[in-house]
Chemist: 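Here you go, one structure.
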There are 2 protein chains.
Amino acid sequence: MILASVPKGKPLNSKALAEFHGVPKEYLSKCLQMLSQAGLVTTTTGPHGGYSLAKTPDKISFLDVVEAIEGKSSTFKCNEIRRNNPCLAKSDRKFSKLCDIAAVMHEADEAWRNSLREKKLSDITDSLLDGVSKETVGNFINWVDDH
Amino acid sequence: MILASVPKGKPLNSKALAEFHGVPKEYLSKCLQMLSQAGLVTTTTGPHGGYSLAKTPDKISFLDVVEAIEGKSSTFKCNEIRRNNPCLAKSDRKFSKLCDIAAVMHEADEAWRNSLREKKLSDITDSLLDGVSKETVGNFINWVDDH
DNA sequence: GCTATTACGGACAATTGTTGTCCGTAATTA
DNA sequence: TAATTACGGACAACAATTGTCCGTAATAGC
């Protein structure tokens with residue numbers, strides 16, 4: 001969201017972003033690298049290098065961000081414990097289709113993803129400033145200039 | 001789902017259910033205790049005691065089960081890192097409303113829960129038997145008798 | 001070309017959360 | 001009274017996440 005609020009062509013480096021959020025630089029750096037690999041941000045090395053959004057905020061969904069960091073596989077992992085069922089006849093050990101419980105969980109996972117897919121970064125850029133004083137906004141503009 | 005497939009008034013104990021699923025008895029026992037505290041299953045102590053569903057399967061949703069085990073709080077926990085923002089003027093430190101990012105994540109969490117809420121155990125009781133041989137069904141009936 | 005700055009990525013340590021185990025207590029049935 | 005069962009606290013083992021360190025490659029400015 002910070003990258004979405006910065007003038008285009010003004011990259012921010014991991015040190016600056018880490019200090020802004022009060023998190024370890026190296027840790028945030030890992031996250032930014034994942035965003036980079038997912039094609040959400042572009043990076044430039046060297047002095048005055050850093051990170052910028054690769055697309056306009058209306059083209060980046062929250063699902064894009066979540067999947068870049070946490071992966072695209074379902075939050076529910078079926079462990080196939082049905083295979084342990086001692087009553088199973090030999091002929092019933094195929095298990096071609098997904099088990100019904102996993103299907104229910106995956107359907108819920110999809111509902112979650114669909115909700116995140118519909119929300120774009122641009123949907124909250126404006127409201128981030130709601131109720132924020134002129135002073136803070138001014139501080140932020142200066143902060144961006146200084147980094 | 002096993003408890004939903006058993007004749008009413010026939011409790012199954014944790015040892016039997018654990019062997020059926022190939023998981024440690026003590027661990028499954030913890031889960032069953034949580035289901036009990038949530039009012040989803042009833043327990044009876046003593047010989048021939050064990051667990052039974054507290055309601056009919058059409059009255060138990062997958063959300064009931066998930067929340068009994070994993071709790072009712074959102075899967076997303078906001079860490080309020082916005083408070084670390086060095087640009088914040090003193091007057092902007094109230095943060096009465098939830099941050100916009102957390103709101104998006106909570107909305108997705110709700111979509112996930114809504115999906116799980118609509119699915120009842122009874123929705124899959126029948127299809128659990130689809131494509132299962134007579135032999136397996138017979139084995140299961142005998143297994144229940146033996147426990 | 002040299003130096004400072006930056007991202008990148010591998011390896012690893014610290015921390016936390018989940019999973020699994022043990023054991024004593026209370027309740028119930030025969 | 002003895003056997004069986006759930007309950008719940010404490011704790012150990014394991015896995016995942018979070019955080020740290022360091023060497024390499026790329027870039028900008030001098």
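Proteins come first, then strands; the chains are lettered A, B, ... in the order of their sequence lines, and each starts at number 1.
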Chemist: The test is salt bridge (charged side-chain N to carboxylate O under 4.0 Å, His left out); show your working for B/Lys97 and B/Asp100 and say whether it passes.
Modeler: CA-CA 9 Å; B/Lys97 79 164 185 178; B/Asp100 295 315; 3.5 Å; yes
Chemist: Tell me which one of A/Lys30, A/Lys25, A/Glu26 satisfies side chain to side chain contact (heavy atoms under 4.5 Å, CB included) with A/Ser14.
Modeler: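 Of the listed options, the one satisfying the test is A/Lys25.
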Chemist: Looking at DNA chain D, which of residues 26-34 of chain B put a heavy atom within less than 4.0 Å of it?
Modeler: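 B/Lys30, B/Gln33 - these, ordered by number, are the residues of the stretch whose heavy atoms sit under 4.0 Å from the strand.
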Chemist: Quick check for you: to the nearest 0.5 Å, what is the distance between B/Met1 atom CE and B/His21 atom NE2?
Modeler: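 Here the rounded value is 10.0 Å.
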Chemist: Under 4.0 Å, heavy atom to any atom of DNA chain D: which of residues 66-80 of chain A qualify?
Modeler: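 Contacting residues: none.
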Chemist: Side-chain contact, heavy-atom cut-off 4.5 Å: B/Ser115 with B/Phe62?
Modeler: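 Side chain of B/Ser115 against side chain of B/Phe62, heavy atoms only: no contact under 4.5 Å found.
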Chemist: Test side chain to side chain contact (heavy atoms under 4.5 Å, CB included) on B/Asn13 and B/Tyr51; report intermediate values, then the result.
Modeler: CA-CA 6 Å; B/Asn13 64 39; B/Tyr51 300 89; 5.6 Å; no
Chemist: Working to the nearest 0.5 Å, report the span between OG1 of B/Thr56 and NZ of B/Lys8.
Modeler: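 Nearest 0.5 Å value for the OG1-NZ distance: 8.0 Å.
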Chemist: Distance check, rounded to the nearest 0.5 Å: B/Phe76 atom CZ versus A/Trp112 atom CH2?
Modeler: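 Result: 10.5 Å between the selected atoms.
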Chemist: Extract, from 5' to 3' on DNA chain C, the first and final nucleotides lying under 4.0 angstrom from some heavy atom of chain A.
Modeler: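 Range of nucleotides within reach of chain A: C/dA4 to C/dA11.
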Chemist: Charged N to carboxylate O below 4.0 Å: is that the case for B/Lys15 and B/Glu19?
Modeler: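 Judged by the 4.0 Å cut-off on N to carboxylate O distance, B/Lys15 and B/Glu19 do form a salt bridge.
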Chemist: Pairing donors with acceptors under 3.5 angstrom, does anything connect the side chains of A/Asn114 and A/Arg117?
Modeler: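 Their side chains do contain a donor-acceptor pair, which is all the 3.5 Å distance test asks for.
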Chemist: Just how far is it from atom OG of B/Ser61 to atom CZ of B/Arg113, taken to the nearest 0.5 Å?
Modeler: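 These two atoms lie 11.0 Å from each other.
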